[in-house]
Amino acid sequence: MQASTRELIQSTFDASNQGRIHFGQVIGELLRADVEAYHVDYRSGRTTYFLPGGETADLSFERPKEGIAAVFDGDAVRAAIRGAQQGKVMYPEFKQLSQQAGCIGYTVWIAGRHVTYFGRKGETHVERFPD
């Protein structure tokens, strides 16, 4: 992976985790880096970015201090998503809200224009990107 691509991914990751940019800006920056998908695992505190040629970038973040709820609440996950889409909820708060809703992680399919959210028992919620 080129150093400039890695730097763009890292700076986007940092800005998002600090609540300085919203989801739409994250996607725009990752498109510039040629990222086709990324996976966030709250339990391991890792985000993996995937490029079309098979290259990956793994970045770490602080795992949840309060744990992740045992029961997946799809309605609460959707509420957190709506807040983020409206620009009312930035990523630090989104992580907390989605974890309280029992979300253990998610995969953003940039090329496929949707996100799949996961619960502990294999529950899923698929959210299409707004047009």
Do [X] and [Y] have side chains that get closer than 4.5 Å, going by heavy atoms?
| X | Y | value |
| --- | --- | --- |
| Phe118 | Phe72 | no |
| Thr56 | Leu51 | no |
| Asn17 | Lys95 | yes |
| Met90 | His22 | yes |
| Ile21 | Val26 | yes |
| Asp41 | His39 | yes |
| Ile68 | Cys103 | no |
| Phe23 | Ile81 | no |

Start with the C-alpha distance between Leu97 and Gln99, add both sets of side-chain angles, then the distance that settles side chain to side chain contact (heavy atoms under 4.5 Å, CB included), and finish with yes or no.
-> CA-CA 5 Å; Leu97 291 171; Gln99 291 165 6; over 6 Å; no
Cluster question for you: counting only ILVMFWY and a side-chain heavy-atom cut-off of under 4.5 Å, with indirect links fine, are Phe129 and Leu31 together?
->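 As far as the 4.5 Å side-chain criterion goes, Leu31 and Phe129 are connected within one cluster.
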Nearest 0.5 Å, please: how far is [atom2] in [Y] from [atom1] in [X]?
| X | Y | atom1 | atom2 | answer |
| --- | --- | --- | --- | --- |
| Thr12 | Leu59 | OG1 | CG | 10.0 Å |
| Gln2 | Asp34 | CD | CG | 10.0 Å |
| Arg78 | Asp73 | CZ | CG | 8.0 Å |
| Trp109 | Arg128 | CH2 | CZ | 12.0 Å |

With sequence neighbours left out, which residue pairs that include part of residues 46-69 fulfil the ring-ring contact (aromatic ring centres under 6.0 Å, His included) condition?
->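 Every ring-ring contact (aromatic ring centres under 6.0 Å, His included) pair that includes a residue of residues 46-69, provided the two are not neighbours, is Tyr38-Tyr49.
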Salt-bridged, [X] to [Y], with N to O below 4.0 Å?
| X | Y | answer |
| --- | --- | --- |
| Glu123 | Arg120 | no |
| Arg46 | Asp58 | yes |
| Arg82 | Glu127 | yes |

Gly19 versus Pro92, closest heavy-atom pair with distance =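 Heavy-atom minimum between the residues: CA-CD, 3.6 Å.
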What pairs with Tyr91 under ring pair (Phe, Tyr, Trp, His ring centres under 6.0 Å), at least two apart in sequence or on another chain?
->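 So Tyr91 forms no ring pair (Phe, Tyr, Trp, His ring centres under 6.0 Å) with any residue.
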Test item: side-chain donor near acceptor, Asp14 and Gln10, under 3.5 Å |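 Asp14 vs Gln10: donor-acceptor pair found between side chains.
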Consider only side-chain N and O atoms of Thr107 and Tyr117, and report whether a donor and an acceptor are under 3.5 Å apart.
->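 Result is no, nothing qualifies.
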Derivation of the side chain to side chain contact (heavy atoms under 4.5 Å, CB included) call for His125 and Thr116 = CA-CA 6 Å; His125 169 69; Thr116 307; over 6 Å; no
Taking it one step at a time, do Ile110 and Ile27 satisfy side chain to side chain contact (heavy atoms under 4.5 Å, CB included)?
-> CA-CA 7 Å; Ile110 297 172; Ile27 297 303; 3.9 Å; yes
Do other residues, nucleotides or ligands put more than 12 heavy atoms under 6.0 Å from Glu62 CD?
->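 Atom CD in Glu62 is not crowded, with 12 or fewer foreign heavy atoms closer than 6.0 Å.
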Spell out, as yes or no, whether a donor-acceptor pair under 3.5 Å connects the side chain of Arg63 to the backbone of Arg43.
->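 At least one qualifying donor-acceptor pair exists.
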Step by step, would you call Ser98 with Tyr106 a side chain to side chain contact (heavy atoms under 4.5 Å, CB included)?
-> CA-CA 10 Å; Ser98 59; Tyr106 57 91; 5.6 Å; no
